[in-house]
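Note on naming: letters A, B, ... go to the chains in the order of the sequence lines (proteins, then strands), and numbering restarts at 1 for each one. Keep in mind that this is a model prediction, so the values were computed, not measured.
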Protein chains: 2
Amino acid sequence: MPRNRQDQTKQAKRDEILAAASSLFLTEGYDGASMGKIAAAAGLTPNTLYWYFRDKDELFVAVADLYLARLLQQHATVAEKPLARQLVWLVDSLRPVRHLVATVHARVARSSRIEQWHSGFHRQMETLFEDQLTIEVPEARRAAETAVVTFAIEGAVTHDLDADATTSLCHSLARRLAAG
Amino acid sequence: MPRNRQDQTKQAKRDEILAAASSLFLTEGYDGASMGKIAAAAGLTPNTLYWYFRDKDELFVAVADLYLARLLQQHATVAEKPLARQLVWLVDSLRPVRHLVATVHARVARSSRIEQWHSGFHRQMETLFEDQLTIEVPEARRAAETAVVTFAIEGAVTHDLDADATTSLCHSLARRLAAG
DNA sequence: ACCTGAACACCGTTCAAGT
DNA sequence: ACCTGAACACCGTTCAAGT
């Protein structure tokens with residue numbers, strides 16, 4: 001049953017598709033979440049998705065953007081806590097979207113759309129960590145230090161560490177940033 | 001022109017397929033390297049690949065195994081150098097196979113074959129780094145420390161850092177392992 | 001403006017059939 | 001034992017056609 005015959009705004013229908021895509025990308029991954037499944041979950045035919053999104057990667061990026069915005073917004077609630085706690089929070093927040101993280105890395109070479117999103121994401125993370133660097137860390141090392149933190153966080157998210165290993169890793173990273 | 005009519009051993013033909021697959025996986029990635037392309041590069045029809053390999057993931061793992069064996073073997077040539085140098089060497093060695101690394105992470109949830117290979121790979125890396133830990137590092141932290149190194153290396157490989165950033169990151173990691 | 005049915009060029013994989 | 005042709009159930013995507 002098609003719905004959008006003016007009883008829904010375009011944005012509302014778009015959000016419905018986004019919700020369907022979001023849930024399927026998380027549970028089934030990029031390959032598992034076919035355009036057919038996503039369309040069905042939104043009560044549409046596959047080809048109709050192309051009215052709202054240029055291609056699958058654009059749909060994927062829209063979903064990723066949604067989570068990134070939510071993440072940065074929620075970060076405010078922990079921004080004042082010690083760095084180690086923030087990192088644990090970050091890992092816990094990203095763990096549910098680990099399929100998205102893996103997909104970004106797998107497709108970054110094939111889709112310029114995803115490539116763009118990816119570098120934006122890393123810029124966000126770097127500024128987030130740079131702000132917390134102790135002043136003593138020499139300029140030349142900053143990039144390397146923040147890179148280590150970002151990569152380690154990504155690793156912790158995509159490789160399932162248990163809770164103990166995660167906190168241990170986060171404290172180790174925080175110690176490093178504080179010590180320089 | 002089909003070839004294997006007893007003028008080639010099964011192993012030889014298998015190696016030919018592996019060579020074709022290897023080159024295509026590196027240049028085109030997992031998705032780009034279709035069974036059709038791989039078969040064509042080996043002078044076969046796609047379905048014939050299934051005589052030698054159970055499915056695409058088994059073929060992929062065979063390729064990954066090849067590179068891992070080569071890596072561990074060549075590591076002997078740098079095993080005596082300082083840790084930072086070893087890490088730079090490791091990143092440089094893995095960079096050409098970055099597509100493989102990304103694929104492993106993207107498919108680890110969907111293929112048990114790859115999942116198995118992946119945990120084997122990390123076991124290898126961990127023992128490799130643990131051997132180089134200073135004795136002072138407390139038992140409880142070891143797992144976290146080696147995890148940080150592994151993840152940071154993986155990150156450096158899959159996110160293109162320039163040469164300066166790479167050496168800087170590797171020295172930072174080495175400093176960490178030595179300092180505890 | 002929004003949505004569909006039908007089609008296109010691909011996938012990975014299976015299987016009966018050939019040598 | 002090795003290899004193929006033909007088929008199957010899918011993909012993502014395009015496009016002319018409907019309302």
Original post:
How far apart are the closest heavy atoms of A/Val148 and B/Ser172, and which atoms are they?
Top reply: CG2-OG, 4.4 Å

**OP:** Convert the base pairs of DNA chain D into dot-bracket notation, remembering that pairs crossing earlier ones are written with [ ] and that bases paired across to another strand are shown as |; include only Watson-Crick or G-U pairs under 3.5 Å.
**Re:** ||.|||||...|||||.||

Original post:
A/Glu58 has an atom CD; how far is it from atom P of D/dT13, in whole Å?
Top reply: 11 Å

Subject >> Candidate nucleotides C/dC2, D/dT4, D/dT13, ranked by approach to the side chain of A/Pro46 - the nearest >> reply: D/dT13

**OP:** Give the rounded distance in Å between these two atoms: CZ of B/Phe53 and P of C/dT14.
**Re:** 15 Å

Subject >> Test side chain to side chain contact (heavy atoms under 4.5 Å, CB included) applied to A/Ala79 - qualifying residues, sequence neighbours left out >> reply: A/His75

Original post:
When the distance from CD1 of B/Ile38 to C1' of C/dT13 is rounded to whole Å, what number comes out?
Top reply: 14 Å

Original post:
Considering residues at least two apart in sequence or located in another chain, which fulfil the ring-ring contact (aromatic ring centres under 6.0 Å, His included) criterion with B/Phe25?
Top reply: B/Tyr30, B/Phe60

Original post:
Among all residues two or more places apart in sequence or in another chain, which pass the side chain to side chain contact (heavy atoms under 4.5 Å, CB included) test with B/Ser23?
Top reply: none

**OP:** Would you please name every residue forming a salt bridge (charged side-chain N to carboxylate O under 4.0 Å, His left out) with A/Glu58, sequence neighbours left out?
**Re:** A/Arg113

Original post:
Can you name the residues that form a salt bridge (charged side-chain N to carboxylate O under 4.0 Å, His left out) with B/Glu28, not counting sequence neighbours?
Top reply: B/Lys37

Original post:
Checking all strands, does B/Thr45 fall into the base, sugar-phosphate, or nothing category for heavy-atom contacts under 4.0 angstrom?
Top reply: sugar-phosphate

Taking only nitrogen or oxygen atoms into account, show me every contact under 3.5 Å that the protein makes with nucleotides 10-12 of chain C, one pair per line with its distance.
unit_1	atom_1	unit_2	atom_2	d
C/dC11	OP1	B/Ser34	OG	3.3
C/dG12	OP1	B/Met35	N	3.4
C/dG12	OP1	B/Lys56	NZ	2.7
C/dG12	OP2	B/Met35	N	2.9

Original post:
So, A/Thr48 side chain and A/Leu44 main chain: donor-acceptor pair closer than 3.5 Å or not?
Top reply: no

**OP:** Name all residues meeting the side chain to side chain contact (heavy atoms under 4.5 Å, CB included) criterion together with A/Ser168; count only those two or more places apart in sequence or in a different chain, and write none if there are none.
**Re:** B/Ala144

Original post:
Could you give the CG-to-C1' distance, from A/Leu59 to D/dT13, as a whole number of Å?
Top reply: 14 Å

Original post:
Hey, is the side chain of B/Trp51 poking within less than 4.0 Å of OP1 or OP2 on D/dC2, counting only N and O atoms?
Top reply: yes

**OP:** In whole angstrom, give the distance that lies between atom OH of B/Tyr52 and atom P of C/dT13.
**Re:** 18 Å

Original post:
What pairs meet the ring pair (Phe, Tyr, Trp, His ring centres under 6.0 Å) rule with one or both residues in residues 154-177 of chain B, with sequence neighbours excluded?
Top reply: A/His105-B/His159, A/His118-B/His159, A/His122-B/His159, A/Phe151-B/His159

